[in-house]
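A short worksheet on the structure shown next.
For clarity, every value in this text was computed on a predicted model and none was experimentally measured.
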Amino acid sequence: MIQVDYYIFDTAPLAQRDLFACRLTQKALHQGLTVYLHTADADHARQLDDLLWGFQPHSFVPHGLAGQGDDAQPALIGWQGEPPPADVLINLCPAIPDFHSRFPRIAEIIVDHPSIREPGRENYRIYKQRGYVVRNHRLDAGR
């Protein structure tokens with residue numbers, strides 16, 4: 001059964017979303033899970049790649065860009081094509097990717113921005129219609 005976790009920030013800026021994706025990736029890796037972060041385009045993937053390098057000054061999150069070399073990294077960022085297998089999909093796109101059902105866990109990060117909140121609601125309905133286990137986690141901007 002696929003589990004979808006919604007991390008909902010009621011009053012957070014758009015930049016909080018990527019920062020939380022980095023922290024969520026780090027937490028999953030500490031639990032021994034592999035992660036695929038799905039972005040809408042190459043620019044966002046590169047921004048996330050840069051952020052993962054420096055968001056924690058005293059820790060390292062091993063990662064790479066999918067299809068750009070070593071796809072054996074425990075965390076990969078991609079935007080096109082079929083991703084390699086992973087335990088967790090962090091979906092940073094407005095739509096649910098076609099390959100989503102290959103992942104046992106999916107994370108959706110919602111912030112108070114129309115380009116994120118409205119597609120997130122639609123995705124929620126789709127996940128529920130498909131019978132996935134959907135859990136909500138309300139967070140404040142300080143987390």
Minimal non-hydrogen separation, Pro94 against Pro119, with atom names = O-CB, 3.3 Å
task = Could you pull out the closest heavy-atom pair between Ala45 and Trp79, with the gap in Å?
result = CB-CE3, 3.4 Å
Does some side-chain heavy atom of [Y] sit less than 4.5 Å from a side-chain heavy atom of [X]?
X: Arg117; Y: Val111; result: no
X: Phe9; Y: Ile109; result: yes
X: Arg135; Y: His137; result: yes
X: Phe55; Y: Val61; result: yes
X: Pro83; Y: Phe103; result: yes
X: Ile2; Y: Ser101; result: yes
X: Val35; Y: Pro74; result: no
X: Asn136; Y: Ile8; result: yes

message = In this structure, would Val4 and Ile126 fall into the same cluster of hydrophobic residues linked by side-chain contacts under 4.5 Å?
response =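 Result: yes, single cluster for both.
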query = With the 4.5 Å side-chain cut-off for hydrophobic clustering, are Val133 and Ile90 part of the same group?
reply = no
So, taking the atom named [atom1] in [X] and the one named [atom2] in [Y], what distance separates them when rounded to the nearest 0.5 Å?
X: Ile110; Y: Gln16; atom1: CD1; atom2: CD; answer: 13.5 Å
X: Leu48; Y: Leu65; atom1: CG; atom2: CG; answer: 9.0 Å
X: Arg125; Y: Glu122; atom1: CZ; atom2: CD; answer: 4.5 Å
X: Asn123; Y: Lys128; atom1: CG; atom2: NZ; answer: 14.0 Å
X: Gln31; Y: Gln26; atom1: CD; atom2: CD; answer: 11.5 Å
X: Gln80; Y: Asp41; atom1: CD; atom2: CG; answer: 10.5 Å

ask   = Given Leu89 and His38, is the side chain to side chain contact (heavy atoms under 4.5 Å, CB included) satisfied, shown in steps?
value = CA-CA 7 Å; Leu89 165 65; His38 186 64; 3.8 Å; yes
message = I need the single residue from Leu37, Leu33, Thr34, Ile77 that forms a side chain to side chain contact (heavy atoms under 4.5 Å, CB included) with Thr25. Which is it?
response =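 Option passing the side chain to side chain contact (heavy atoms under 4.5 Å, CB included) with Thr25: Leu37.
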task = Answer yes or no: is there a donor N or O on one side and an acceptor on the other, between the side chain of Asn91 and the main chain of Ala95, under 3.5 Å?
result = yes
Any donor-acceptor N/O pair, Thr39 side chain to Gly78 backbone, under 3.5 Å = yes
ask   = Do Gln73 and Leu76 pass the side chain to side chain contact (heavy atoms under 4.5 Å, CB included) test, and can you show the C-alpha distance, the side-chain angles, and the key distance before you say yes or no?
value = CA-CA 6 Å; Gln73 292 290 335; Leu76 287 174; 4.0 Å; yes
For the residue pair [X] and [Y], does the interplanar ring angle fall in the parallel (under 30°), tilted (30 to 60°) or perpendicular (over 60°) class?
X: Tyr127; Y: Tyr6; value: perpendicular
X: Phe20; Y: Tyr7; value: tilted
X: Trp53; Y: Phe60; value: tilted

Working for ring-ring contact (aromatic ring centres under 6.0 Å, His included), residues His100 and Tyr132 = CA-CA 12 Å; His100 76 279; Tyr132 300 162; 5.7 Å; yes
task = Any chance you could lay out the side chain to side chain contact (heavy atoms under 4.5 Å, CB included) test for Arg17 and Ile116, step after step, and finish with the verdict?
result = CA-CA 10 Å; Arg17 188 174 189 228; Ile116 306 299; 3.1 Å; yes
remark   = The complete set of salt bridge (Lys or Arg N to Asp or Glu O under 4.0 Å) pairs with one or both residues in residues 83-111, sequence neighbours excluded, reads Asp5-Arg105, Glu82-Arg102
